[in-house]
2 protein chains.
Amino acid sequence: MAKRPLPSARPLDSFDREILRIVQQDNKTPQRMIAEAVHLSAAAVQRRIAAMEQAGVIRRNVALVDPDALAVSVTAIVEVFLRDERTASIDRAKALFRATPEVQQCYYTTGGTSFVLVILTQDMRSYEALTRSLFSDHEWVASFRTLVALDRVKADTSIVIP
Amino acid sequence: MAKRPLPSARPLDSFDREILRIVQQDNKTPQRMIAEAVHLSAAAVQRRIAAMEQAGVIRRNVALVDPDALAVSVTAIVEVFLRDERTASIDRAKALFRATPEVQQCYYTTGGTSFVLVILTQDMRSYEALTRSLFSDHEWVASFRTLVALDRVKADTSIVIP
DNA sequence: AATGAAAAACTACACTA
DNA sequence: TAGTGTAGTTTTTCATT
């Protein structure tokens, strides 16, 4: 449940988009500097940011941490195939993946595959253990296919500490 | 080239990890509150955060934006297969994917697949156009397989504005 | 849009493990 | 020596006009 239609009072104008572009790269940028860059007053920038946070356009403000620094060495992309695609099965799977911190990302997809997950773990042992509790232990998972990332070429994601 | 071993002056202690856990969820949390939570002074927290930013443990501080708010409606997970896996081919591919803003994430992987990409575009038309310039136009791409996300179940990623 | 008050971030310095 | 806490300074945020 709970998608995010949200009041969405006003559509974003080009000022909003410019502000977003900046805070997406560095949300510690002083509003004073943002103001200068987009040619608005600092107060206006502040109100727009507050409004966008309120409206859910800005979801969260976070520090992006290097996984290596946390000794998280395994990045796996996993395709998961469910035995059936009834709503109940899908919802159950979504709930499980959402509740599992090692599952950093989860997409429900077309194309035969049911889900694609991005999983981070400390090492291969814990990855193997995780796959057991996530997949092998459930009869409603038909199969899964793991791709281990040798290089995180581009991956600015908000990781969750293990 | 250019991995990120980095001076890595000191290994993270449990204070650092606690601080990270907090700023990963909300990097606007006042240092005063963080200090209270981890039982340190605000100044100590400030110094530790600065040190971790310096050391690259904290990569960036960003606002996470809802893709829907930016009318980015297509999320695709793409497996890319290269014709050959020589270093030069791989590096060329990495460079291309890194330089393409719509490619939000890129992993180089084991398991037959060469790369897994997460791509965001406005709509299907622009996705189709993008695949042409990314894949079809290059003879060194053997093939690719697209999985379109019907639901971004879990995806707290720092997206790039189109 | 500009001013001013409140709060947060940062700095200097003395102290302690 | 490396790191902390206190206290004082600067900068940013936020509310009011």
Side-chain angles (χ1 to χ4, degrees), chain A residues 6-66 68-71 156 158-162, chain B residues 4-66 69-70 156 158-159 161:
Chain A
L6 266 178
S8 174
R10 46 199 139 298
L12 305 178
D13 62 15
S14 63
F15 286 117
D16 291 320
R17 264 188 279 271
E18 260 307 308
I19 292 169
L20 284 180
R21 192 188 308 264
I22 293 170
V23 296
Q24 266 181 320
Q25 272 177 318
D26 181 1
N27 72 349
K28 295 283 186 52
T29 311
Q31 298 170 346
R32 167 162 168 44
M33 286 188 203
I34 299 174
E36 188 167 315
V38 304
H39 305 296
L40 278 178
S41 72
V45 170
Q46 173 185 316
R47 269 178 281 120
R48 281 166 181 268
I49 289 176
M52 290 192 284
E53 281 171 349
Q54 184 64 28
V57 173
I58 295 177
R59 277 252 201 67
R60 295 159 64 207
N61 287 287
V62 303
L64 299 184
V65 174
D66 181 1
D68 293 334
L70 296 167
D156 278 348
S158 160
I159 75 168
V160 174
I161 285 200
Chain B
R4 183 183 313 86
L6 265 176
S8 176
R10 43 202 142 294
L12 304 177
D13 63 15
S14 64
F15 285 117
D16 291 320
R17 263 187 278 271
E18 260 308 308
I19 293 169
L20 283 180
R21 192 187 308 264
I22 294 169
V23 296
Q24 265 182 322
Q25 273 178 315
D26 181 2
N27 72 348
K28 294 283 186 50
T29 310
Q31 297 171 346
R32 157 145 182 56
M33 286 187 203
I34 300 174
E36 191 167 311
V38 304
H39 305 295
L40 278 178
S41 72
V45 170
Q46 140 78 13
R47 284 187 291 251
R48 281 166 179 270
I49 290 176
M52 289 192 286
E53 282 171 347
Q54 185 63 31
V57 173
I58 295 176
R59 275 250 196 69
R60 296 159 62 206
N61 287 287
V62 303
L64 298 183
V65 173
D66 182 1
L70 297 167
D156 278 349
S158 161
I159 74 169
I161 288 201

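Only a predicted model underlies this, so the values are computations on that prediction, with no experimental measurement involved. What's counted below: heavy atoms across the whole structure, side chains too, no hydrogens, waters or symmetry copies. Lettering follows sequence order; numbering is per chain, from 1.
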Distance, rounded to the nearest Å, where B:L12 contributes CG and D:dG3 contributes C1': 16 Å
- prompt: Are A:D13 and A:R48 ion-paired here, with the side-chain N under 4.0 Å from a carboxylate O?
  reply: yes
task: Please tell me which of B:K28 and A:S41 maps to the more 5' nucleotide of DNA chain C, matching each residue to the nucleotide holding its nearest heavy atom.
output: A:S41
- line: Whole-Å distance, B:R32 CZ to D:dG5 P, equals 13 Å
- prompt: So which nucleotide from D:dT6, D:dG3, D:dT13 ends up closest to the side chain of A:P30?
  reply: D:dT13
- prompt: Does the D:dG5 base have a donor-acceptor partner in the side chain of B:R47 within less than 3.5 Å?
  reply: yes
- prompt: Between B:Q31 (CD) and D:dA7 (C1'), how many Å, whole number?
  reply: 16 Å
message: Mind checking if B:A43 touches a base, just sugar-phosphate, or nothing, with heavy atoms under 4.0 Å?
response: base
Report, one line per pair, each donor and acceptor closer than 3.5 Å where one atom sits in a side chain of residues 31-42 of chain B; sequence neighbours left out.
| from | atom 1 | to | atom 2 | distance (Å) |
| --- | --- | --- | --- | --- |
| B:Q31 | NE2 | B:Q46 | OE1 | 3.1 |
| B:S41 | OG | B:A44 | N | 3.1 |

message: Please determine whether side-chain contact (heavy atoms from CB on, under 4.5 Å) holds for the pair A:L12 and A:L20, giving the CA-CA distance in whole Å, both sets of side-chain angles, and the decisive distance to 0.1 Å.
response: CA-CA 10 Å; A:L12 305 178; A:L20 284 180; 4.0 Å; yes
field: Rounded distance in Å - CD (A:E36) to P (C:dA2)
entry: 13 Å
message: Without decimals, in angstroms, what is the distance between B:I19 CD1 and C:dA9 P?
response: 13 Å
pair B:D16-B:V57: side-chain heavy atoms closer than 4.5 Å: no
- line: Taken to the nearest whole Å, CD/A:Q46 to P/D:dT13 is 8 Å
- request: Specify the separation, in whole Å, of atom CE of A:M33 and atom P of D:dT11.
  value: 11 Å
field: For atom CD1 of B:I34 and atom C1' of D:dG5, their distance in whole Å
entry: 17 Å
